[in-house]
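The figures here come from the full heavy-atom set of this structure, side chains too, leaving out hydrogens, waters and symmetry mates.
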There are 2 protein chains.
Amino acid sequence: MCKSTDPKRALFAELATVARALGHEHRVELLEHLAQGERSVEALARLTGLSMANASQHLQQLRRAGLLDARRDGKFILYRLADDGVVQLMSVLRQTAERNVASVGALLARYFDGRDGLEPVGRAALVDRAQAGLVTVIDVRPREEFDLGHVPGAVSVPLEELDARLAEFDPATEIVAYCRGAYCLLAVEAVARLRARGFSARRMEDGMPEWRAAGLPVASG
Amino acid sequence: MCKSTDPKRALFAELATVARALGHEHRVELLEHLAQGERSVEALARLTGLSMANASQHLQQLRRAGLLDARRDGKFILYRLADDGVVQLMSVLRQTAERNVASVGALLARYFDGRDGLEPVGRAALVDRAQAGLVTVIDVRPREEFDLGHVPGAVSVPLEELDARLAEFDPATEIVAYCRGAYCLLAVEAVARLRARGFSARRMEDGMPEWRAAGLPVASG
DNA sequence: ACATCATTCAAGAGATAGATTGAACGTATA
DNA sequence: TATACGTTCAATCTATCTCTTGAATGATGT
């Protein structure tokens with residue numbers, strides 16, 4: 001069997017190339033930041049603590065793998081995810097890791113709730129409690145995604161703005177955060193930060209895609 | 001730089017480890033074979049053309065990443081996917097690659113239909129044509145999955161048995177093959193082989209999960 | 001035109017992964 | 001028990017990846 005020209009082998013090689021692009025701690029972190037929106041090389045280098053040259057190289061590797069696009073704006077080069085499928089890929093990767101790698105499950109458990117058994121809020125319960133004004137619902141995705149559709153009554157608080165807007169929230173009212181899905185880390189991070197500041201915060205089970213899929217009402221604009 | 005105490009960094013590192021396990025041509029191919037069922041190291045080495053030692057090392061790497069489980073049966077060690085999520089991960093990887101890497105799109109296009117515009121069969125059309133006896137529907141997934149539910153009237157022909165069972169098919173009747181989904185390669189491979197033998201073969205659009213999701217009838221047992 | 005700044009390129013050292021070889025291990029069969 | 005066989009281990013060489021440093025590029029603003 002001569003397989004050097006075998007298209008199947010070539011396909012496997014291409015898939016491996018894309019996977020390898022995800023195969024480095026720093027690149028996963030870069031993608032996680034870029035999941036929140038466009039960022040310049042300088043901003044990403046600062047956020048991750050990498051040198052500019054190093055960050056640039058990792059970003060180019062991700063771009064070569066087709067996971068990122070870049071555009072110039074003034075003196076900055078802005079990188080962004082090539083499409084929403086990249087978020088899905090990272091989510092599935094996280095799901096797989098959580099199911100099959102014990103240490104990831106432990107890390108996520110610690111990350112999700114600290115130590116006192118904070119459970120995510122179900123969708124049905126959320127509708128009731130939101131209508132009764134018992135909870136503040138925040139959407140921590142980038143504002144562009146919020147504009148394309150969000151949970152009725154939710155407030156857009158992109159994760160990056162959260163720290164600066166803490167004064168908006170009533171410490172006596174529970175906050176429910178949601179983002180893109182069960183395995184999107186944005187809401188998890190938001191809840192962790194809010195709880196560190198003394199707020200009562202929970203994460204909505206699942207995210208916007210599941211909300212839509214469940215046929216629940218979606219507000220937009 | 002020691003970031004080992006930051007749980008977020010640790011999580012990224014774990015995710016990268018899992019991704020890196022997918023980051024080699026041979027390991028992708030091994031997973032693709034294992035998607036069809038349990039296999040011994042020797043069988044996998046033969047299927048892929050790798051040396052036993054090399055195959056063993058790659059398999060152990062996949063197992064360390066949590067993507068595979070192994071069990072002993074007699075003198076053989078049988079590897080299998082850790083769970084169905086691994087198939088999903090590979091599917092999403094392929095989707096992402098197809099969207100964002102031009103060469104993958106080209107490879108898949110060539111793989112899917114050769115050159116004469118063979119289009120996949122829609123679900124609705126399939127029901128009609130199958131009932132009219134105009135087509136033979138084959139399910140090329142592993143038999144275990146067939147038993148858990150399949151398209152009514154479909155015949156179980158696991159991909160590995162296809163070559164040996166060509167005599168069962170009427171060259172005058174069109175064959176429609178399906179597997180796990182739009183991005184599962186089993187049906188693609190089956191169609192390629194059937195067409196190479198002169199059969200008229202097509203791929204069903206989507207696969208069993210989508211069939212179920214569409215609420216179409218499912219036979220089992 | 002000149003200076004400035006964000007980004008990229010280029011080259012090198014150090015670390016890591018892949019393939020091959022031959023030996024060692026464990027289980028089944030004679 | 002002895003032998004055969006599938007699998008894994010250990011050691012080695014080679015190739016590739018990572019990161020740092022310093023220079024080069026390309027657009028902007030004075």
Can you tell me if B:Tyr178 uses its side chain to pair, donor with acceptor, with the backbone of B:Val151 under 3.5 Å?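 Present.
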Examine [N]: is either OP1 or OP2 under 4.0 Å from a nitrogen or oxygen in the side chain of [X]? Give yes or no.
X	N	answer
A:Asn54	D:dT20	yes
A:Ser56	C:dT8	yes
A:His24	C:dT16	no
B:Gln60	D:dT7	no
B:Arg20	C:dT16	no
A:His58	D:dC17	no
A:Tyr79	C:dT8	yes

At less than 3.5 Å, do the side-chain atoms of A:Gln57 and the base atoms of D:dT20 form a donor-acceptor pair?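 In this structure, the two groups form a donor-acceptor pair.
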Between [atom2] of [N] and [atom1] of [X], the distance in whole Å:
X	N	atom1	atom2	result
B:Leu62	D:dT8	CG	P	12 Å
A:Glu38	C:dT7	CD	P	12 Å
A:Leu30	D:dC19	CG	P	11 Å
A:Ile77	D:dT25	CD1	P	16 Å
A:Arg72	D:dT28	CZ	P	7 Å
A:Leu78	D:dA27	CG	P	15 Å
B:Leu68	D:dT7	CG	P	14 Å
A:Phe76	D:dG29	CZ	P	11 Å

For B:Arg39 against B:Leu47, the heavy-atom pair lying closest together: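 Looking at all heavy atoms of both residues, the shortest contact is NE-CD1, 4.2 Å.
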Please give me the minimum heavy-atom distance between A:Tyr79 and A:Leu68, naming the atom from each residue.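 Looks like CD2-CD1, 3.9 Å.
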Would you mind classifying the nucleic acid contact of A:Gln61 as base, sugar-phosphate or nothing, using non-hydrogen atoms under 4.0 angstrom?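 The answer is sugar-phosphate, as A:Gln61 gets under 4.0 Å only of primed atoms, P, OP1 or OP2.
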Residue whose nearest DNA chain D nucleotide is more 5′ - A:Ser51 or A:Gly74: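 On the 5' side of the pair lies A:Ser51.
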ring-ring contact (aromatic ring centres under 6.0 Å, His included) with B:Phe169: which residues, sequence neighbours excluded?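 For B:Phe169, no residue satisfies ring-ring contact (aromatic ring centres under 6.0 Å, His included) once neighbours in sequence are set aside.
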For B:His26 and for A:Ala53, find the nucleotide of DNA chain C with the closest heavy atom, then tell me which residue's nucleotide is more 5'.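 Counting from the 5' end, the first nearest nucleotide belongs to A:Ala53.
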Between B:Arg180 and B:Asp84, is there a salt bridge with N-O shorter than 4.0 Å?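 Judged by the 4.0 Å cut-off on N to carboxylate O distance, B:Asp84 and B:Arg180 do not form a salt bridge.
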